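Contents: one structure, followed by commentary.
Since the structure is predicted, the reported quantities are computational estimates derived from the model, not experimental observations.
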Amino acid sequence: MQRLSEGELRITTLAKPFSMSLNAVSKHVRVLERARLVRRRRVGREHLLSLNPKPLDEAASWMAAQRTVWTKRLDTLESLLFADDSMLSSDSRKRGSR
């Protein structure tokens, strides 16, 4: 995907540096196509591949939203735990002074 981010490539060019068969690379590319991360365009007998960044952008947006939600939830939990700790230590001090 990194190499495709630089522009469209023939599948044979994409496969060249890898020590695997063209068939194996094609199987990997098909998985990326099903995930909508890679687009294939046929020109005659050539298969040209390009990156489709939209699903990655959507995933990044979702993760950012989840990070915001969970940060708020964890901050609330931390506040509740600190409040509970201070209440427990206050109670133990009251019992100790009797």
Side-chain angles (χ1 to χ4, degrees):
M1 289 182 49
Q2 176 64 40
R3 292 181 59 215
L4 289 175
S5 71
E6 298 168 10
E8 192 173 61
L9 290 174
R10 291 185 357 241
I11 194 162
T12 52
T13 304
L14 183 66
K16 196 171 210 131
F18 299 104
S19 60
M20 55 193 325
S21 69
L22 182 58
N23 190 36
V25 171
S26 290
K27 286 181 182 182
H28 287 305
V29 168
R30 280 195 292 275
V31 170
L32 295 172
E33 284 178 296
R34 281 195 301 265
R36 298 179 309 126
L37 295 169
V38 170
R39 291 186 195 116
R40 182 186 305 247
R41 182 170 70 93
R42 291 185 180 102
V43 178
R45 294 183 63 189
E46 288 195 328
H47 292 238
L48 301 168
L49 304 173
S50 61
L51 178 67
N52 178 21
K54 187 176 178 186
L56 293 174
D57 294 339
E58 291 168 355
S61 293
W62 180 83
M63 286 186 274
Q66 293 304 306
R67 181 180 297 118
T68 301
V69 167
W70 282 100
T71 298
K72 286 179 184 177
R73 288 179 179 182
L74 291 172
D75 287 347
T76 301
L77 177 60
E78 181 181 45
S79 297
L80 290 170
L81 291 173
F82 278 131
D84 193 42
D85 281 350
S86 61
M87 194 164 50
L88 286 174
S89 57
S90 173
D91 285 348
S92 65
R93 275 188 254 130
K94 286 179 185 175
R95 280 188 231 140
S97 63
R98 290 183 192 176

Enter the distance from [X]:[atom1] to [Y]:[atom2] here, rounded to the nearest 0.5 Å.
X: L80; Y: D75; atom1: CG; atom2: CG; answer: 11.0 Å
X: L77; Y: F82; atom1: CG; atom2: CZ; answer: 10.0 Å
X: S50; Y: L37; atom1: OG; atom2: CG; answer: 11.5 Å
X: D84; Y: S79; atom1: CG; atom2: OG; answer: 12.5 Å

Give a yes or no on whether a salt bridge exists between R39 and E33, defined as a side-chain N under 4.0 angstrom from a carboxylate O.
no
Check E58 with R36, please: is the shortest side-chain N to carboxylate O separation under 4.0 Å?
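Yes, R36 and E58 are salt-bridged.
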Nearest heavy-atom neighbours spanning [X] and [Y]:
X: R40; Y: R42; answer: CD-NH2, 4.0 Å
X: M1; Y: L32; answer: SD-CD2, 3.8 Å
X: L51; Y: L4; answer: CB-O, 3.9 Å
X: L49; Y: I11; answer: CD1-CG1, 3.9 Å

Just by modelled atom types, is the L14 backbone N or O under 3.5 Å from a matching donor or acceptor in the R3 side chain?
yes
Residue pair E8 / R41, side-chain heavy-atom distance below 4.5 Å
yes
Can you check side-chain contact (heavy atoms from CB on, under 4.5 Å) on L48 and L9, steps first, answer last?
CA-CA 5 Å; L48 301 168; L9 290 174; over 6 Å; no
One pair to check against side-chain contact (heavy atoms from CB on, under 4.5 Å): V38 and N52. What are the steps and the verdict?
CA-CA 5 Å; V38 170; N52 178 21; over 6 Å; no
Working note: M20 + H28, criterion side-chain contact (heavy atoms from CB on, under 4.5 Å); need CA distance, chi angles, decisive distance, verdict.
CA-CA 11 Å; M20 55 193 325; H28 287 305; 3.3 Å; yes
